[in-house]
Amino acid sequence: MDEERRFPDFEQKWQKAWAASSKPAADQPGKKTDKDFYILSMFPYPSGRLHFGHALPYTLTDSIARYKRMCGCNVLNPMGWDAFGLPAENAAIEAVRRGEKNVHPARMTYDSIEAMRKQMNAFGYSFDWDREVYTCKPDYYKWTQWLFLKMHEKGIAYRKKARVNWCPDCKTTLANEQVETHVKDGEDFQACFRCGTPVEPREIDAWFLAITKYADRLLSGLDNLQKSWPELVTSQQRNWIGRSEGVNIDFTIELRAGASGSGPLKPPGESDPNTQRETLTVFTTRADTTFGVTYVAIAPEHPLVDRILKLVDPRTHKRITEFVKETLNMTEQDRASGDEKEGVATGMFAVNPLNGEKIPVFVANYVLMYGTGAVMAVPAHDERDHEFAREYRLPMKQVIKPAPGSDDEVNIKQEAYTAQGVLVDSGPYTGSTSAEAIARIGADLKSKQSGGPVVNYKLRDWGISRQRYWGCPIPMIHCAKCGVVPVPESDLPVTLPDDVDFLPTGRSPLTDHPAFRSVKCPTCGADARRDTDTMDTFVDSSWYFLRYTDARNDKAIFDPGKAARWTPVDLYVGGREHAILHLIYARFFNMFAHDIGLTAHQEPFARLYAHGLIQGESRRVVTDEMDRYVSEDELQRLVDAGKVEPGQVVRRIEKMSKSKLNGADPTTLVSQYGADALRLTILFAGPAESDSVWDNDGIKGPYNFLRRWHDLALSAAPLVEDLPQMGADCVINAASKKLRYAAHVLVERATGEFEGRFALNTVIAKAMELVNEIRAFIAAENLSGPCKGAADPTLPSRWSLAEAFDILARCMAPFAPHTAEELWHALGGKQSVFETTWPKADPAALVLDEIELPVQVNGKVRGTIRLPATADKATMERLALENENVKKFVEGKAIQKLIVVPGKIINVVAR
RNA sequence: GCGGAGGUGGCGGAAUGGCAGACGCGCUGGACUUAGGAUCCAGUGGGUAAAACCGUGCGGGUUCAAGUCCCGCCCUCCGCACCA
């Protein structure tokens, strides 16, 4: 950018003025009214650098917040920091390893926050900084701990030994939701969502939050969010919660000592005295296929495996043990992605409660600890069972035939028939449809007390223990005598000590901090130890939107009255990457807060807006010597030097990142073009919900627009200064009407978009049109010099011009606040443009005297006619048929129909 | 496989069933300039001398009129995926 650029030179001036005059949002406790508007963008992790992932949502929310304030609303638009977490800790570890001194995650975090707040201010964002929260400060995490204690009290937070996902690189556990499927060399594997390292299973004692107790509410709540949340998010959450209706069926399993899984699988004779009978419950969604069961399979983790191992012969024992060990060494998901279905016969048999058949029991790798961890296998009607049965040559029995009228071909030897249909060979149920049979069998089992209809969810409880330092301590104490004891509320917060060696060992760093670790048991006073794990940072961010409503309260988590004033959040803006994790946790926490009387609403976010990603084009050079990302500049040099051929460059659109060298830095762009130009560019690029690719040239249009508006306003200032009041009898000319039309169209468009779908790019386009209209107007009207008083004949034109500038400044104020403020004052505004009210479109201005109407012949436009807006239908028809070109196309044909849509179109149908 | 989003000029994108391509970038020509990678003016979907005509992923359909509604496909992106 050129050195000589002077525009804009006023942004900091206005930022200072606004900071000096800013008023906090009113927050008297009470009922929320139409005028209270809580808008929120997801708070950031303080990485130290504001990037486009922040600039888009904050620009969007700031514009909406400013609009709402101009509409007279009491707006809450807070900002804070999701400040605990691994990146700071990892960066500190790296720094220590490099030999740096005085490194601490806390310092790095606070430094980052200072830097980012400065960057945000440079954008002119109007956040309510007086409510800023830091999740890593004791005044915040005290209440995170308090919520944990409440959950513990209500049985929602509990401790259990569990197989968890362990990231060997981050040296901590991950929740199921934090594990992603990655693909490398054609193999998929489960990886840490943060660093991409393959995860391993680990058995660990950990704290869990019983989110599954809220499964039904989390699911049914989505119904009400259907209209105001993106389908994308609600459908993902539905899928994640994974409700399925089915039937539990109790099989009786006969446990015989000395059973063998080797050799032919024959049910044992009648009454073996050593047989113990137990119930093995399976879950199925296809109870209609129960007569087709040919074996039962249980998960390797199933509790029954241990019982079986105690009874079987040594050979079978060995096979099962090895198989189970091998399977459990994989993560659950890795096991799922393996393509071979494998299993081991246990030698035990189960009795089908519906037909009394005895069928073999397998341990199988494809059975998960979902539902009951055991399935009835129906190879004829289930693909997985079919595959397994083929592998192990197990029998298949068809019990479903296609429904009448279906042209499905069935060959169960070839493949399973999984569609619903009509039952065959199914005893009393033969002839029923699948749906009828499922209902009847469910009811029959229930009355026989051997099962019945149940609902299962895929959702699992949320493991929150992390073996890392930079997080919220878990307020629990382990006492040898009393067991696990909560820290008394009066002792909160359990403060995270500063002087901790946080270099990773695989153990929680706090374990090695004796002063933190050792504590007296609050119950018996004996020596005890604190829980040394810290919480998943998603816990911190699950309730921050509630804290904002009363952020400085040191007596309580927040005043429910103040929360009632603001919540639910009217508009929550954030990235799609949080569609399940954060947004389901936050809903869960809000429901819990509701249950303990803290909030009035079950759902925290009335409307959710999922913004897109601003991506960058990366350039990767692949030659014999190199294979890496390069910057555009470096690429140019390499090409100029003849070291790289164009064909050796792979260009891709990817998420901006440092390592890919495809990022643009918004803060640099602000210093080059000004905050307003960047704000407009971001919003003008397209609808905010769709992804876009950053293009450095994209800023030119908005930048030129601002400059043109600015220059135009300054040069036109003398034309519109000190105008006398216009009388009601003022008559304006056609050009003025056209100008007014453009101005009021802008008002209408801006208002509509702010209230509806937020396609703000179209609002900016209308503002650009208005600037173009103003330029044309001034040129055409030949206005010059100051107004010559009430008798000045150019007065109506000047008045129209003044109005156009007025509307332009007010409508653009939410988008380009600095420029709007500057020009508002330049054209005589006395107070801040943000103290004026949002303009209202004048319906009279939206009606043109004369309109142009396209005339179609047989659906194709053949001409346009000009006519007064008030013309009646007959006139329209007459003018349409008089049009020369229309005549030409109608000639020689009979007019069959004349469609007249007033204000829109005329269509002559001629054959 | 399941779920979601999307496919419109050279590019980003506009279009309550009613003139497809608003607005912007880029490009072309011109003006002003010592200069232009500044600014201003004009033009800019393909096609034609001008028309005609052809154009919103593909194929059908409804309608006076379809980017938009219906049916059947194709492709791209995202998420989930042995959940019985």
Side-chain angles (χ1 to χ4, degrees), chain A residues 1-2 4-5 180-181 188 230-236 238-240 242-244 246 282-286 289 297 332-333 335-339 341 364-372 374-378 381-385 387-388 418 456-460 576-577 579-580 610 612-613 653 680-681 684-687 689-695 697-705 707-708 711 759 761-769 771-772 775 779 852-864 885 888-889 896-901 903-910:
Chain A
M1 191 61 201
D2 56 275
E4 292 157 50
R5 183 181 70 77
E180 298 174 341
T181 304
D188 20 337
E231 176 79 23
L232 171 83
V233 176
T234 52
S235 68
Q236 278 191 64
R238 270 201 188 90
N239 186 12
W240 190 261
R243 181 191 152 96
S244 73
V282 304
F283 173 70
T284 181
T285 54
R286 290 297 303 273
T289 63
E332 195 166 86
Q333 291 92 341
R335 190 168 125 199
S337 58
D339 27 38
K341 290 191 174 28
N365 66 352
Y366 74 95
V367 181
L368 309 176
M369 269 315 286
Y370 167 77
T372 62
V375 300
M376 56 177 223
V378 187
H381 303 293
D382 182 282
E383 279 166 18
R384 297 152 300 185
D385 299 340
E387 201 186 312
F388 188 88
T418 57
N456 268 314
Y457 296 93
K458 276 200 279 187
L459 187 71
R460 313 262 179 108
R576 293 189 287 253
E577 65 274 22
I580 28 191
L613 214 58
I653 304 301
L680 285 179
T681 306
F684 186 61
E689 66 260 30
S690 55
D691 291 344
S692 60
V693 180
W694 179 257
D695 169 12
D697 288 338
I699 204 164
K700 288 183 182 170
Y703 176 76
N704 283 338
F705 158 69
R707 194 181 39 70
R708 275 198 275 251
D711 294 353
N761 52 327
T762 65
V763 180
I764 296 166
K766 286 279 177 276
M768 289 172 167
E769 285 181 62
V771 165
N772 294 342
R775 288 157 70 90
E852 247 181 31
L853 216 52
V855 182
Q856 297 181 330
V857 178
N858 295 331
K860 287 188 176 166
V861 179
R862 298 302 183 183
T864 53
N885 205 41
K888 214 170 86 191
F889 280 90
Q896 297 184 328
K897 223 186 209 178
L898 213 54
I899 314 271
V900 179
V901 186
K904 291 287 182 195
I905 207 160
I906 297 171
N907 193 4
V908 184
V909 184

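Order of the sequence lines fixes the chain letters, A, B, ..., with proteins taken first and strands second; residue numbering starts at 1 for each chain.
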- Query: Are OP1 or OP2 of B:A5 and a side-chain N or O of A:S690 less than 4.0 angstrom apart?
  - Reply: no

- Note on the structure: When both distances are under 3.5 Å in a Watson-Crick or G-U wobble arrangement, the nucleotide paired with B:C11 is B:G24

- Kindly point out which of B:C23, B:C40, B:A14 is positioned nearest to the side chain of A:N761? B:A14

- Task: Would you indicate, yes or no, if B:A65 has its OP1 or OP2 atom less than 4.0 angstrom from a side-chain nitrogen or oxygen of A:R862?
- Result: no

- Query: Hey, does A:Q856 reach any base, or is it just sugar-phosphate, or nothing, if we go heavy atoms under 4.0 Å?
  - Reply: base

- Strand partner of B:A5, provided both Watson-Crick or wobble distances fall under 3.5 Å: B:U76

- Query: Any Lys/Arg nitrogen of A:R775 or A:D711 sitting under 4.0 Å from an Asp/Glu carboxylate oxygen of the other?
  - Reply: no

- Item | Residue-phosphate contact under 4.0 Å: A:N907 side-chain N/O, B:U63 OP1/OP2 | no

- Message: Under 4.0 Å, heavy atoms only, any strand: does A:D691 hit a base, just the sugar-phosphate, or nothing?
- Response: sugar-phosphate

- Here the distance between atom P of B:A84 and atom CD of A:E387, to the nearest Å, is 17 Å

- Under-4.0 Å side-chain N/O to phosphate OP1/OP2 contact, A:R576 with B:G4: no

- Item | Residue whose closest nucleotide on RNA chain B lies nearer the 5' end, A:E852 versus A:L232 | A:L232

- Considering heavy-atom distances to RNA chain B, does A:D695 or A:V233 have its closest nucleotide positioned more toward the 5' end? A:V233

- Does A:N704 place a side-chain N or O at less than 4.0 Å from the phosphate oxygens OP1/OP2 of B:U39? yes

- Between B:C64, B:G12, B:G79, which nucleotide has the shortest distance from any of its atoms to the side chain of A:Q236? B:G79

- Counting just side-chain N and O atoms, does A:K897 come under 4.0 Å of either OP1 or OP2 of B:C64? yes

- Task: Write down the distance between NZ (A:K904) and P (B:A20), rounded to a whole number of angstrom.
- Result: 13 Å

- Message: Strictly below 4.0 Å: does A:Y366 bring a side-chain N or O up to OP1 or OP2 of B:A84?
- Response: no

- Let me know the distance between CZ of A:F705 and P of B:U39, rounded to the nearest Å. 16 Å

- List the steps, then state whether side-chain contact (heavy atoms from CB on, under 4.5 Å) holds for A:V909 with A:L898. CA-CA 6 Å; A:V909 184; A:L898 213 54; over 6 Å; no

- Across the strands shown, which category fits A:P687 at heavy-atom distances under 4.0 angstrom: base, sugar-phosphate, nothing? sugar-phosphate

- Item | B:C70 versus B:U63 - spacing of their P atoms, nearest Å | 16 Å

- Task: Would you mind calling B:G9 syn or anti? Take O4'-C1'-N9-C4 for purines or O4'-C1'-N1-C2 for pyrimidines, and syn is within 90° of 0.
- Result: syn

- Can a side chain N or O of A:K860 be found less than 4.0 Å away from OP1 or OP2 on B:C54? yes

- Message: From CG of A:L368 over to P of B:A84, roughly how many Å is that when rounded to an integer?
- Response: 10 Å

- Message: Return the pairing partner of B:G59 with a 3.5 Å limit on both distances, Watson-Crick or G-U wobble; otherwise return none.
- Response: B:C71

- Rounded distance in Å between the C1' positions of B:C53 and B:G47: 8 Å

- Query: Less than 3.5 Å between a donor and an acceptor, one on the side chain of A:K766 and one on the base of B:C23, is that the case here?
  - Reply: no

- Message: Does A:D385 reach a base, just sugar-phosphate, or nothing at all? Heavy atoms under 4.0 Å.
- Response: nothing

- Query: Between A:Y366 and A:F388, how do the two ring planes meet: parallel, tilted or perpendicular, split at 30° and 60°?
  - Reply: tilted

- Message: Students often get this wrong, so: under 4.0 angstrom with heavy atoms, is A:V282 touching a base, only sugar-phosphate, or nothing?
- Response: nothing

- Query: For atom P, what is the distance between B:C75 and B:A81, given to the nearest Å?
  - Reply: 24 Å

- Task: Determine, stepwise, if the pair A:K897 / A:N907 fulfils side-chain contact (heavy atoms from CB on, under 4.5 Å).
- Result: CA-CA 8 Å; A:K897 223 186 209 178; A:N907 193 4; over 6 Å; no

- Go through the steps to decide whether A:K860 and A:F889 satisfy the test side-chain contact (heavy atoms from CB on, under 4.5 Å), and finish with yes or no. CA-CA 10 Å; A:K860 287 188 176 166; A:F889 280 90; over 6 Å; no

- Item | Steps toward side-chain contact (heavy atoms from CB on, under 4.5 Å) verdict (A:T372, A:Y370) | CA-CA 6 Å; A:T372 62; A:Y370 167 77; over 6 Å; no

- How far, in whole Å, is B:U76 from B:C58 if one measures between their C1' atoms? 15 Å

- Query: So what's B:A51 paired with, Watson-Crick or G-U wobble, going by both distances under 3.5 Å?
  - Reply: none

- Task: Rounded to whole angstrom, note down the C1' distance from B:A15 over to B:U8.
- Result: 10 Å

- Please answer whether the main-chain N or O of A:E689 pairs with a side-chain N or O of A:R576 as donor and acceptor at a distance below 3.5 Å. yes

- Task: Report yes if some heavy atom in the side chain of A:T289 is under 4.5 Å from a heavy atom in the side chain of A:M376; otherwise report no.
- Result: yes

- Whole Å only: how far is the CG atom of A:D697 from the C1' atom of B:G10? 14 Å

- Rounded to whole Å, the CG-P distance (A:L613 to B:A5) equals 18 Å

- For A:V901, report the nucleic acid contact type (base, sugar-phosphate, nothing); a contact means any heavy atom under 4.0 Å. base

- For nucleotides B:A65 and B:G18, find the distance between their P atoms and express it as a whole number of Å. 14 Å

- Task: May I ask you to verify if any side-chain N or O of A:K700 is less than 4.0 angstrom from the OP1 or OP2 atom of B:G26?
- Result: yes

- B:C19 and B:G30: how far apart are their P atoms, nearest whole angstrom? 36 Å

- Query: Tell me: CG of A:L680 to P of B:G13, nearest whole Å?
  - Reply: 17 Å

- P gap between B:G36 and B:U28, integer Å: 15 Å

- Hey, does the side chain of A:R708 come within less than 4.0 Å of B:C40's phosphate (OP1/OP2), counting only N and O? yes

- Task: Please work out if A:V375 contacts a base, only the sugar-phosphate, or nothing of the nucleic acid, heavy-atom cut-off 4.0 Å.
- Result: base

- Message: Under a 3.5 Å cut-off for both contacts, is B:U34 paired Watson-Crick or G-U wobble with anything, and if yes, with which nucleotide?
- Response: none

- Exceeds 12 heavy-atom contacts within 6.0 angstrom, atom CD of A:E383: no

- Query: Expressed in angstrom and rounded to an integer, what is the separation of A:I906 atom CD1 from B:G18 atom P?
  - Reply: 16 Å

